[in-house]
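One structure is given here, and the rest of the page talks about it.
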Amino acid sequence: MQHRSPQFHNLRALDRQFFARDPREVARELLGKLLIRRHERKLLAGRLVEVEAYLGADDAAAHAAAGRTARNDVLFGPPGHAYVYLIYGNYFCLNVSCEPEGKAGCVLIRAAEPVDGLEHMARSRGLELGSPKALRLIASGPGRLAQAFSITRARDNGKDLLDAISDLRLADDGYTPQRILTTPRIGITKTADYPLRYIVAGSDYLSGPKKMNGR
DNA sequence: ATATCGATTATCT
DNA sequence: GATAATCGATATG
């Protein structure tokens, strides 16, 4: 018997053209969309509440700024694909490639509200679901989110996130966030003043200090 | 060949 | 609020 979550009514794939645009537009419109993962026969899902745009040569904080390398190759490829990299030797970060093929740009997926597969994600994060704070710790940060969804570079870098068959994808269930705020990006030193972080106002599942979240 | 630096997080004080 | 952990990419000699 297949369990079907009520949140998954009217699930639509996103268009390739949706991602073939400036990362700033894509980032803003990605808020509220679903990240969906199939892992070890489990369905995992989260609603995006925090993302950041990274541009090309004119954005020194972007991995693409120094040009195309083996590491960032996906950023210069077709839009809508996963760019996964290791950060600080400890965690992975998930990005979606943007812009038409040949031009670099991406959106970093920083936080999501857990929607389905909470038990499995909590276990991946080493959390006990009993405590009220556990929900907030599942995917409130790029490293945490990758861990919750079992995302690694070896497993996921380069994957097409629009393929309905893929075990990692982005989809639209028609939900639209009420209010969106922009702030400077978190954790960078170069071009640190660009307001390229987009968050769902008032969400309980954001990363970073409260002052960065409009409170 | 060696040193430094991160698009972070957990665990302290 | 401060710091250790940890390793690949990049800078420096």
Sugar-phosphate, base or nothing in reach of G143(A), heavy atoms under 4.0 Å: sugar-phosphate
ring-ring contact (aromatic ring centres under 6.0 Å, His included) between H63(A) and Y85(A), worked out: CA-CA 10 Å; H63(A) 288 179; Y85(A) 66 90; 4.5 Å; yes
Distance, rounded to the nearest Å, where I138(A) contributes CD1 and dA10(B) contributes P: 12 Å
DNA chain C: 5'-proximal contact among K211(A) and H63(A) (nearest heavy atom): K211(A)
Pairwise P distance for dG1(C) and dA7(B), with rounding to whole Å: 23 Å
Who pairs with dA7(B) - Watson-Crick or G-U, where each distance is under 3.5 Å: none
Distance, rounded to the nearest Å, where R110(A) contributes CZ and dT9(B) contributes C1': 11 Å
Out of dC7(C), dT9(B), dT10(C), whichever nucleotide has its closest atom nearest the side chain of R144(A): dT9(B)
Nucleotide nearest R71(A) when distance is taken to its side chain, options dT8(B), dT6(C), dA9(C): dA9(C)
Protein-nucleotide distance (Y85(A), atom OH; dC5(B), atom P), rounded to Å: 18 Å
Rounded interatomic separation in angstrom, taking CG from N90(A) and C1' from dA7(B): 14 Å
Separation of atom CG in L145(A) from atom P in dT9(B), rounded to whole Å: 9 Å
Minimum-distance nucleotide (side-chain atoms of R125(A) versus dA7(B), dT10(C), dA10(B)): dA10(B)
L86(A) side chain, from C-beta outward: closest of dC7(C), dG6(B), dT8(B): dC7(C)
Face-to-face stacking of Y88(A) with dT8(B), centres under 5.5 angstrom, angle under 30°: yes
Whole angstrom value for the distance that separates P of dC5(B) from NZ of K190(A): 11 Å
Donor + acceptor pair across side chains of D160(A), S166(A) (<3.5 Å): no
Integer-rounded Å distance: dT9(B) P and E50(A) CD: 9 Å
N/O donor-acceptor pair under 3.5 Å between R47(A) side chain and V115(A) backbone: no
Nearest-neighbour nucleotide for the Y54(A) side chain, dA7(B), dT6(C), dT8(B) considered: dA7(B)
Donor-acceptor pair between N95(A) and R110(A) side chains, under 3.5 angstrom: no
d(NZ, K210(A); P, dG1(C)) in whole Å: 12 Å
Pair E50(A), S203(A): side-chain N/O donor-acceptor within cut-off below 3.5 Å: no
